[in-house]
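Have a look at the structure below before the remarks.
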Amino acid sequence: MTATLEPRGDNTLVDLLDRLLAGGVVVAGDVTLSVADIDLVRVRLLALLTSVSTVTPGSAV
Amino acid sequence: MTSPAHVCWAYCVLPADRDTDARGVEGVIGAPVRVVPGRGLSLAVSDLPAEEFRDDVLSDRLADERWTAGLAMAHFNAIEAIFRTGPVLPLRLATVFTSAERAIAMLATHHDRLSEALVRVTGSAQWTVRATASAPRGTDAEASSGTDYLRAVAARRDDAVSRHAADAAAATELHQTLADLSVAAERDTTSPSQLLSGVYLVRTEQSGRFQDVLSRAREQADGLTLDVRGPLAPYSFVPRLEEAA
């Protein structure tokens, strides 16, 4: 039970991440991703996280 | 001040009277996190290079899954780090302003509802609980004849049906017990593979009892495998201010 997220390909983390991506306050920023953008990001991230066993933190950025 | 070369990536809203030290908190792309004070509410932000996070660039860059995965992890980890020091309202991933002043103006626009929501989540954390059925018990018995085999298949099927019903009932009972200990609770019933997928907003003083219930449910070994995450910032218990277009 930890609040620190590490990208690992386990399904429960994918669930959690999905919920986090779906959550949060939506406000109009100057750069705001549309709902479609966010959904696309979710789909892509979930696909990545379920298909890759481990993403080395830091390699992503 | 945010220079034109930078945009302002926002993580979460926090009470302005909160003495928050964001030093040492690492944000997206390793940027430092700072707290910009508004009237009654503050915002945790990072100044990021505009050439990488302008809207026309950002959408394209988000197509890079690994880059985006890193972004998401960093966003959530920064929010969690700030949440560990006090109440926050997480903002959706990729909420970006052209300047800190614009970000503060947003806070002013939604001041009342954000303040109300902050009061509601103060002293509480979000827990997520997922329950799935444990692996079936028992092994295939050796069938001495075709009739025995068919009988065994039918028995296993009946077992599976009654076990599923028992698991579903146990999951519903668990949800109800957890919800009773929570300020607010939501159950997601859209995923058929999960017996329970719930989010709970739990007051700190109740979190011990909340975890006791989960421990007992685990010990009962009544067919549920539990995955519990928490305490987390209240991502699922934020006001619906506006839907992005």
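Lettering follows sequence order; numbering is per chain, from 1.
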(message) Does any backbone or side-chain atom of F237(B) lie under 4.5 Å from a heavy atom of chain A? Answer side chain, backbone, both or neither.
(response) neither

(message) Which atoms of T132(B) are under 4.5 Å from chain A, going by heavy atoms: the side chain, the backbone, both sets, or neither?
(response) neither

(request) For each of V199(B), V13(B), L89(B), T109(B), tally heavy-atom pairs with chain A at distances under 4.5 Å, and name the one with the top tally. (result) V199(B)

(request) Verify the neighbour count for atom CZ of R102(B): are there more than 12 heavy atoms of other residues, nucleotides or ligands below 6.0 Å? (result) no

(request) With sequence neighbours excluded, tell me which residues meet side-chain hydrogen bond (donor to acceptor under 3.5 Å, both in side chains) with E205(B). (result) R203(B)

(request) Answer with side chain, backbone, both or neither: which region of L114(B) has an atom nearer than 4.5 Å to a non-hydrogen atom of chain A? (result) side chain

(request) Pick whichever of P234(B), A125(B), A10(B), P90(B) has the most heavy-atom pairs under 4.5 Å with chain A. (result) P90(B)

(request) Could you check R92(B) against V25(A) for side-chain contact (heavy atoms from CB on, under 4.5 Å), going step by step and ending with a plain yes or no? (result) CA-CA 5 Å; R92(B) 182 73 62 96; V25(A) 182; over 6 Å; no

(message) Ignoring hydrogens, what is the shortest heavy-atom contact between V27(A) and F97(B)? Give both atom names and the distance.
(response) CG2-CZ, 4.2 Å

